[in-house]
**Q** 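Dropping the structure in here first, questions after.
For clarity, every value in this text was computed on a predicted model and none was experimentally measured.
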Amino acid sequence: MTKQGIFLLRSLLALGLALPALAQFDTAEVLGTVKDRSDAVVANASVRLTNENTGIEASTATDASGSYAFSNVKIGTYRISAEAAGFSRGEARGITVNVNARQRVDLVLQVGTVTETVQVTGAASALQTDSSERGQVVSQQAIVELPLNGRS
């Protein structure tokens, strides 16, 4: 076998070993429903997702059932706001998104003008009611303090 053949074989082997790394992920999904005070859904509301650390924004509109979804959201802390004609803007701050989470954030809009803002001060629950999957984020400190047999 020539040197070029050996190089090609080694390159293909290295590429084959690197493919499983593509399965790693660091994103999540943020979804919810926009309703008014009478619990009626608000269709075609403009929803904006803003990363509080970087300022990067994404936007979408609610569908006919008042639902919205943002997929492939990087982990971090976010602010979500929604606005529609005839309603004041609703906003939720301090939404923490973890790896592989389906974070639900429902917003309630009040009748008013768009220049008014209703700010939700309570953070959304970390409980995922949309999925039966179980998962947990483990801090680095907890990993370091794990009792392992034979650790040197």
**Q** What pair of heavy atoms forms the shortest contact from A82 to L107, and how long is it?
**A**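 Closest heavy-atom pair between A82 and L107: CB-CD1, 3.6 Å.
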
**Q** At their closest point, which heavy atom of T77 faces which heavy atom of T96, and how far apart are they?
**A** OG1-OG1, 4.3 Å

**Q** From E91 CD over to I95 CD1, what is the distance, rounded to the nearest 0.5 angstrom?
**A**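 Here the rounded value is 10.0 Å.
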
**Q** For residues E29 and Q103, determine if any side-chain heavy atom of one lies less than 4.5 Å from a side-chain heavy atom of the other.
**A**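 Not touching, per the 4.5 Å side-chain cut-off.
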
**Q** Would you mind reporting whether E57 and L49 have side-chain heavy atoms less than 4.5 Å apart?
**A** no

**Q** Can you tell me which residue among D26, N53, V99 is in a side-chain contact (heavy atoms from CB on, under 4.5 Å) with K74?
**A**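 When side-chain contact (heavy atoms from CB on, under 4.5 Å) is applied between K74 and each of D26, N53, V99, only D26 qualifies.
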
**Q** Does this structure show an ion pair linking D106 with K35, if we count only N-O contacts that are shorter than 4.0 Å?
**A**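 No.
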
**Q** I'd like to check V30 versus V97 (side-chain heavy atoms, cut-off strictly below 4.5 Å). Are they in contact?
**A** yes

**Q** Which heavy-atom pair separates S88 from L109 by the least distance, and what is that distance?
**A**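 S88 and L109 have their closest heavy atoms at O-CD2, 3.6 Å.
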
**Q** Closest approach of A101 and A28, non-hydrogen atoms and distance?
**A**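 Closest approach of A101 to A28: O-CB, 3.3 Å.
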
**Q** What are the two closest non-hydrogen atoms of T33 and S65, and how far apart are they?
**A**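 That would be CG2-O, 4.0 Å.
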
**Q** Do you know which of T50, V105, V34 makes side-chain contact (heavy atoms from CB on, under 4.5 Å) with I80?
**A** V105

**Q** Do T27 and I75 come within less than 4.5 Å of each other through their side chains, counting heavy atoms only?
**A**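 No, too far: nothing below the 4.5 Å cut-off.
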
**Q** Could you see if V111 belongs to whatever hydrophobic cluster contains V42? Use Ile, Leu, Val, Met, Phe, Trp, Tyr and a side-chain cutoff under 4.5 Å.
**A**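 Linked within one cluster.
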
**Q** Atom CD in E83, atom CZ in R48: separation rounded to 0.5 Å?
**A**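 Here the interatomic distance stands at 6.5 Å.
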
**Q** For the pair T60 (side chain) and F70 (backbone), establish whether a donor and an acceptor sit closer than 3.5 Å, ignoring hydrogens and angles.
**A**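 Pair absent, no side-chain N/O of T60 close to backbone of F70.
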
**Q** Between T62 and S67, is there a donor-acceptor pair closer than 3.5 Å when you use the side chain of the first and the backbone of the second?
**A** no

**Q** Does any pair with a residue in residues 61-71 pass salt bridge (Lys or Arg N to Asp or Glu O under 4.0 Å), and if so which ones, sequence neighbours excluded?
**A** none

